[in-house]
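Residue numbering restarts at 1 for every chain, and letters A, B, ... go by the order of the sequence lines.
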Amino acid sequence: MRRGFGRILLHVALVVGAILTLTPLLWMISASFMATGEANSLPPRLLPHSPTLEHYVALFARLDLSRYLFNSALNATLVTTLSLCINGLAGYAFAKLRFGGRDRVFRTLMAALVIPAQVGMLPLFLFLKYLGLVNTTWGVIIPGMCSIFGIFMIRQYALGIPDELLDAARMDGAGELRIFRTVVLPLLKPILVTLAVFTFLGTWNDFLWPLIILSDDARYTLPVALANLVGEHVGDTELMMAGSVLTILPVMVLFLVLQRSYIQGVMAGSVKG
Amino acid sequence: MKGWVERQQSRAAWAFLSPALLLLGLFFFLPVVAGLALSVTDFDIYAIGDFSTVRFVGLRNYVQAFTNPVFGTALRNTFYFVLVGGPLSVFTSLGAALLVNAPLVRFRTFFRTVFFAPVVTTLVAVAIVWRYLYHPSYGLLNLALGKVGIHPIDWLGDPHWAMPSLILLAVWKNFGYNMLIFLAGLQSIPEELYEASRLDGATAAGRFRHITLPSLGPTFLFVAVMTMIGHFQLFAEPYVMTQGGPLKSTTSVVLLMYQEGFKWWRLGMASAFAFILFMIMLAATWIQMRLQRAEAS
């Protein structure tokens, strides 16, 4: 009897928690389909009276949203691809190749994990300004192209690759780069998928650095464009909600499709870290 | 033969490392060192055009930062966010993890995914959503509070409520992440420990106190440190929702650094802000690790 009651209570708590968690997102979706002004009516409405797509149309037709979508997708894809290659090579080298100074270099990188990115952002801006990279795609993606955390994750995973496998390939006369491509990469696939989702989401959602380095709205990413838009259209609740939906939707879909590897990655990273 | 193989491998290793080390060196380590140098100069908008106007000023920026009332306010606000928001976030995560991990739960994966969903959303987008949820007359939050007889609160317009509002948003946005980490910790506790204590006649509460909590110790330290570090970097929430107001009540150190650096172009002063924050974060991490270690022994 007591057990049954506890079980009901547990599920009530979970359902209430789930409703509270989802309400902001559901309201965002609902309000994005409301007619102009409907979200600011009294008493507040939960569902659109007659759903309309006008705000989505306006975002694409008048406010150039497709350009920001493209910029965000391009930056996130470039950062993900490049950082996986660069971190993958480095992480594998730290895990499996023998060379003088390996532990010292690795320890230095680990120590540098405590330095927050903001500390270097101001000089990095000046540096890129003199290189002519302010307001360019390269300027946005450069700080993300290599990450110490990514190198660390790949190294931890690559430690599990048996040395015999690599030595056998060496016996067959394969060069190190070929071993990496044909033997190591397939074995690293699970961690690479996890890191790819991490990196893509992180780059898509990033705000401070794109805000600093981009000055021309033709290059804005979605979050920067959205923050800019809310300054001019703060009264257009429904329009802003449609913009928020479009910003969140791509990453939410990506997460739902790849959630197994993402969630495993978060849990694994914590246990080892 | 052996020496040749080793040389070969060493060459390959450095070749594999070179893209990463080059990028980190140029675009991370160099800027950090340059930031330290910048913080002891009067680098400002004139210096951007002409480097020769830059003067070495020693620790003047640091001294001025600590006598600047706005920086003091930003530090206080940041500590408020870290010390109130951080623990609130960690305990919400722990609560959610315990609920989701309870033995009798159905649809466990569904609840886990729902609680995690806010983590993958774009902070700027959900900060805009919450800005409307907090609207004093049309917002859902005041509507819900009105149903239980609470008068409307001007969440983002009242200096006393603005920071709690940002904290609530941050808890909602982030608790799912730490929930997952606690779940990993809970699932790594060996079942035999529970069985043994059940045989000894321990109550559920006793098992929680004597097995669950101590076993979660290392996870707790990890979560607490990472959450604290994240909270010290408060920026997008006030930038989007309040612009640091009202009456500077939500101006954080990073927001002030951004304004000082990229609005007023006083990069020397802004770098000093960044380094002060970094030093505080280092000290806070060290203290937290010491505290937990003392508790464990």
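Interface check for chain A: of the options B:Phe275, B:Phe28, B:Phe116, the most heavy-atom pairs under 4.5 Å are formed by B:Phe116. In terms of heavy-atom pairs under 4.5 Å with chain A, the best-connected choice from B:Ala12, B:Ala13, B:Gly35 is B:Ala13. Ranked by heavy-atom pairs under 4.5 Å with chain A, the first of B:Tyr239, B:Phe182, B:Phe29, B:Phe273 is B:Tyr239. Note: A:Pro24 leads A:Pro24, A:Gly120, A:Ala227 in heavy-atom pairs under 4.5 Å with chain B. Top candidate by heavy-atom pairs under 4.5 Å with chain B, chosen from A:Ile115, A:Leu46, A:Leu22, is A:Ile115. Counting heavy-atom pairs under 4.5 Å between each of A:Thr23, A:Leu222, A:Val230 and chain B puts A:Val230 at the top. Here B:Arg106 is the residue among B:His135, B:Arg106, B:Met226 with the most heavy-atom pairs under 4.5 Å with chain A. Between chain A and the options B:Ser10, B:Ala274, B:Ala37, heavy-atom pairs under 4.5 Å are most frequent for B:Ser10. Most heavy-atom pairs under 4.5 Å with chain A, from the set B:Thr285, B:Leu277, B:Leu36, B:Ile128: that is B:Ile128. Among A:Ala93, A:Gly101, A:Gly150, A:Ala13, the residue with the largest count of heavy-atom pairs under 4.5 Å with chain B is A:Ala93. Of the listed residues (A:Val197, A:Leu25, A:Leu211), the one with the most heavy-atom contacts under 4.5 Å to chain B is A:Leu211. Between chain B and the options A:Leu208, A:Leu246, A:Leu201, A:Val105, heavy-atom pairs under 4.5 Å are most frequent for A:Leu208.
In this structure, chain A has no heavy atom under 4.5 Å from any part of B:Leu141. Proximity to chain A is limited to the side chain of B:Met281, based on heavy atoms less than 4.5 angstrom apart. Of the atoms belonging to B:Gln187, it is side-chain heavy atoms, and not backbone ones, that fall under 4.5 Å from chain A. Proximity to chain A is limited to the side chain of B:Phe235, based on heavy atoms less than 4.5 angstrom apart. A:Pro143 does not touch chain B: none of its heavy atoms, backbone or side chain, sits under 4.5 Å away. A:Lys96 touches chain B through its backbone: at least one of N, CA, C or O sits under 4.5 Å from a heavy atom, while the side chain does not. Proximity to chain B is limited to the backbone of A:Ser41, based on heavy atoms less than 4.5 angstrom apart. Both the backbone and the side chain of B:Phe115 come within contact range of chain A, with heavy atoms under 4.5 Å apart. Contacts of A:Leu126 with chain B are made by side-chain atoms alone, with heavy-atom separations under 4.5 Å and no backbone atom involved. Looking at A:Leu20, only its backbone comes within 4.5 Å of chain B, counting heavy atoms on both sides. Proximity to chain B (any heavy atom under 4.5 Å) is restricted, for A:Leu128, to the side chain, taken from C-beta onward. In this structure, no portion of A:Ala31 lies under 4.5 Å from any heavy atom of chain B. Residue contact with chain B, scored on non-hydrogen atoms closer than 4.5 Å, involves the side chain of A:Arg170 exclusively. In this structure, the portion of B:Val254 lying under 4.5 Å from any heavy atom of chain A is its side chain and not its backbone. With a threshold of 4.5 angstrom between heavy atoms, B:Tyr258 approaches chain A through side-chain atoms but not through N, CA, C or O. For B:Arg11, no part sits under 4.5 Å from any heavy atom of chain A, backbone or side chain. With a 4.5 angstrom heavy-atom cutoff, B:Ala47 touches chain A only via backbone atoms. Residue contact with chain B, scored on non-hydrogen atoms closer than 4.5 Å, involves the backbone and the side chain of A:Gln118 alike. Looking at A:Ile151, the atoms closer than 4.5 Å to chain B (heavy atoms on both sides) all sit in the side chain, from C-beta outward. Neither the backbone nor the side chain of B:Phe232 comes within less than 4.5 Å of any heavy atom of chain A. For A:Val224, no part sits under 4.5 Å from any heavy atom of chain B, backbone or side chain. Residue B:Phe43 touches chain A through its side chain alone, counting heavy-atom pairs closer than 4.5 Å. When heavy atoms are compared at a cutoff of 4.5 Å, B:Leu99 approaches chain A by way of both its backbone and its side chain. Looking at B:Val223, neither its backbone nor its side chain comes within 4.5 Å of chain A, counting heavy atoms on both sides. Contacts between B:Phe175 and chain A at a heavy-atom distance below 4.5 Å involve the side chain alone, from C-beta outward.
Closest approach of B:Met179 and B:Ala96 over heavy atoms only: SD-CB, 3.8 Å. Contact record, B:Pro31 with B:Leu26: CD-O, 3.2 Å, taken as the closest heavy-atom pair. Closest approach of B:Leu38 and B:Ser271 over heavy atoms only: CD2-OG, 3.3 Å. Closest non-hydrogen pair, B:Thr78 versus B:Ser252, comes out as OG1-CA, 3.6 Å. Across all their heavy atoms, A:Ala111 and A:Val114 have their closest contact at O-CG2, 3.2 Å.
A centroid separation of less than 6.0 Å is found between the aromatic rings of A:Phe125 and B:Trp265.
No hydrogens or angles considered: nothing links the side chains of B:Ser39 and B:Asn61 as a donor-acceptor pair under 3.5 Å. Side chains of B:Asn178 and B:Thr227: a donor-acceptor N/O pair is present below 3.5 angstrom, by distance only. Remark: the A:Glu238 side chain and the A:Ser32 side chain contain no N/O donor-acceptor pair separated by less than 3.5 Å.
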Inset, instruction - Decide salt bridge (charged side-chain N to carboxylate O under 4.0 Å, His left out) for B:Lys173 and B:Glu237; before the verdict, give the C-alpha distance in whole Å, the side-chain angles of both, and the deciding distance to 0.1 Å. - result: CA-CA 11 Å; B:Lys173 170 86 172 71; B:Glu237 294 94 331; over 6 Å; no

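Counting heavy-atom neighbours within 6.0 Å of A:Arg260 CZ, excluding the residue itself, gives a total of 12 or less. At most 12 non-hydrogen atoms from other residues, nucleotides or ligands lie less than 6.0 angstrom from CE of B:Met289.
Classification of the A:Tyr220-A:Tyr68 ring pair by plane angle, with boundaries at 30° and 60°, yields tilted. In this structure, B:Tyr132 and A:Trp27 have tilted ring planes: the angle between them lies in the 30° to 60° band. Under the 30°/60° scheme for interplanar angles, the aromatic rings of A:Tyr262 and A:Phe255 are found to stand perpendicular.
The side-chain heavy atoms of B:Val126 and A:Ile248, taken from C-beta on, include a pair separated by under 4.5 Å.
Between B:Glu6 and A:Arg98, no side-chain nitrogen of the basic residue sits less than 4.0 Å from a carboxylate oxygen of the acidic one, so the salt-bridge criterion is not met.
Here the side chain of B:Asn142 pairs a donor or acceptor atom with the backbone of B:Pro136 at under 3.5 angstrom. Here the side chain of A:Trp204 pairs no donor or acceptor atom with the backbone of A:Pro223 at under 3.5 angstrom. Side chain of B:His231 to backbone of B:Ala170: no donor-acceptor contact under 3.5 angstrom is found.
B:Ala102 is linked by a side chain to side chain contact (heavy atoms under 4.5 Å, CB included) to A:Leu10, B:Val105, counting only residues two or more places apart in sequence or in another chain.
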